[in-house]
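Just so you know, these numbers come straight off a predicted model, no measurement behind them.
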Amino acid sequence: MTNEVKKTRPEFRNVGFGQILTDYKLPLPGKVSILHRVSGVGLFLSLWALLWLFDLSLTSEISFATFSNVVGYPIVKLLLLGLIWAYLHHFCAGIRFLLLDMHIGVDKPSARKSAGVVLAVSLPLAALVGLKLFGVF
């Protein structure tokens, strides 16, 4: 009976969120999927602030001046840059997931390429809009 195959049991890890990020090695499509969810939650939770800013920008000349003052703070610009990245990533990853739903690019190599394309498109676009936001050009 020494030749019996030892059954492997699932491992339970009672770790915090920070250790989850370091202990589990996700492939690139998994990271893009998680970022898609995080960006969607971030956009949903910040919807009230975006609508408030949009209202300020359109109501009157005085409210537009208030909008300009609020958006002029560097911390607000950083928050807006984060929301811009969230929108662009969510948009690009959403197109990727629509293609996956149509069974296009479902195999592993194609899924890795499309996940890389999502990051290769959304990050430079966010950087480009961020440069415009901070007045570089």
(message) Within this structure, what is the CD1-CG distance for the pair Ile84 and Leu79, rounded to the nearest 0.5 Å?
(response) 11.0 Å
(request) Nearest 0.5 Å please: distance from the OG atom of Ser114 over to the CD1 atom of Ile104. (result) 11.0 Å
(message) Using the rule that Ile, Leu, Val, Met, Phe, Trp and Tyr join whenever any side-chain heavy atoms are under 4.5 Å apart, tell me whether Tyr73 and Val71 fall into a single cluster.
(response) yes
(request) Give, for atom CG of Leu133 and atom CG of Leu80, the distance between the pair rounded to the nearest 0.5 Å. (result) 6.0 Å
(message) Closer than 3.5 angstrom, by distance alone: can the side chain of Ser33 be matched with the main-chain N or O of Pro29 as a donor-acceptor pair?
(response) no
(message) Test side-chain contact (heavy atoms from CB on, under 4.5 Å) on Trp85 and Ser39; report intermediate values, then the result.
(response) CA-CA 8 Å; Trp85 167 83; Ser39 64; 4.3 Å; yes
(request) Spell out, as yes or no, whether a donor-acceptor pair under 3.5 Å connects the side chain of Arg96 to the backbone of Ala111. (result) yes
(message) How about CZ on Phe134, more than 12 heavy atoms from neighbouring residues, nucleotides or ligands closer than 6.0 Å, or not?
(response) yes
(request) Report yes or no: does Ser110 contribute a side-chain atom to a donor-acceptor pair with the main-chain N or O of Asp107 at less than 3.5 Å? (result) no
(message) I need the Leu35 CG to Cys92 SG distance, nearest 0.5 Å.
(response) 12.5 Å
(request) Could you grab the distance from atom CG of Leu131 to atom CG of Leu81, nearest 0.5 Å is fine? (result) 9.0 Å
(request) Report the distance from atom NE2 of His89 to atom CG of Leu119, rounding to the nearest 0.5 Å. (result) 6.0 Å
(request) Kindly indicate whether the side chain of Leu26, heavy atoms from C-beta on, has any atom under 4.5 Å from the side chain of Lys31. (result) yes
(message) For Phe64 versus Ser57, what's the shortest heavy-atom pair and its separation?
(response) CD1-O, 3.5 Å
(request) Just jot down the ring-ring contact (aromatic ring centres under 6.0 Å, His included) partners of Phe97, sequence neighbours excluded, or say none. (result) His36
(message) Within the supplied structure, the quantity of interest is the number of heavy atoms (other residues, nucleotides, ligands) at a distance under 6.0 Å from Leu51 CG; does it exceed 12?
(response) yes
(request) Say whether Leu45 and Val38 are linked into one hydrophobic cluster, either directly or through other cluster members, by side-chain heavy-atom distances under 4.5 angstrom. (result) no
(message) For residues Ile95 and Leu123: do they belong to one hydrophobic cluster (side chain heavy atoms under 4.5 Å, members Ile, Leu, Val, Met, Phe, Trp, Tyr)?
(response) no
(request) Of all the heavy-atom pairs spanning Leu53 and Val70, show the shortest one and how long it is. (result) CD2-CG1, 4.0 Å
(message) Quick check: closest heavy atoms across Leu83 and Gly42, and the distance to 0.1 Å?
(response) CD2-O, 4.1 Å
(request) Check for a donor-acceptor pair, side chain of Ser46 on one end and backbone N or O of Ala49 on the other, with a separation under 3.5 Å. (result) no
(request) Answer yes or no: is there a side-chain heavy-atom contact under 4.5 Å between Tyr87 and Leu50? (result) no
(request) Following the transitive rule for hydrophobic clusters with a side-chain heavy-atom cut-off under 4.5 Å over Ile, Leu, Val, Met, Phe, Trp and Tyr, establish whether Ile34 and Val121 coincide in one cluster. (result) no
(message) I'd like to know whether NZ of Lys113 has more than 12 heavy-atom contacts from other residues, nucleotides or ligands below 6.0 angstrom.
(response) no
(request) Examine Leu28 and Leu88 and state if one hydrophobic cluster contains both, with Ile, Leu, Val, Met, Phe, Trp and Tyr joined whenever side-chain heavy atoms are less than 4.5 Å apart. (result) no
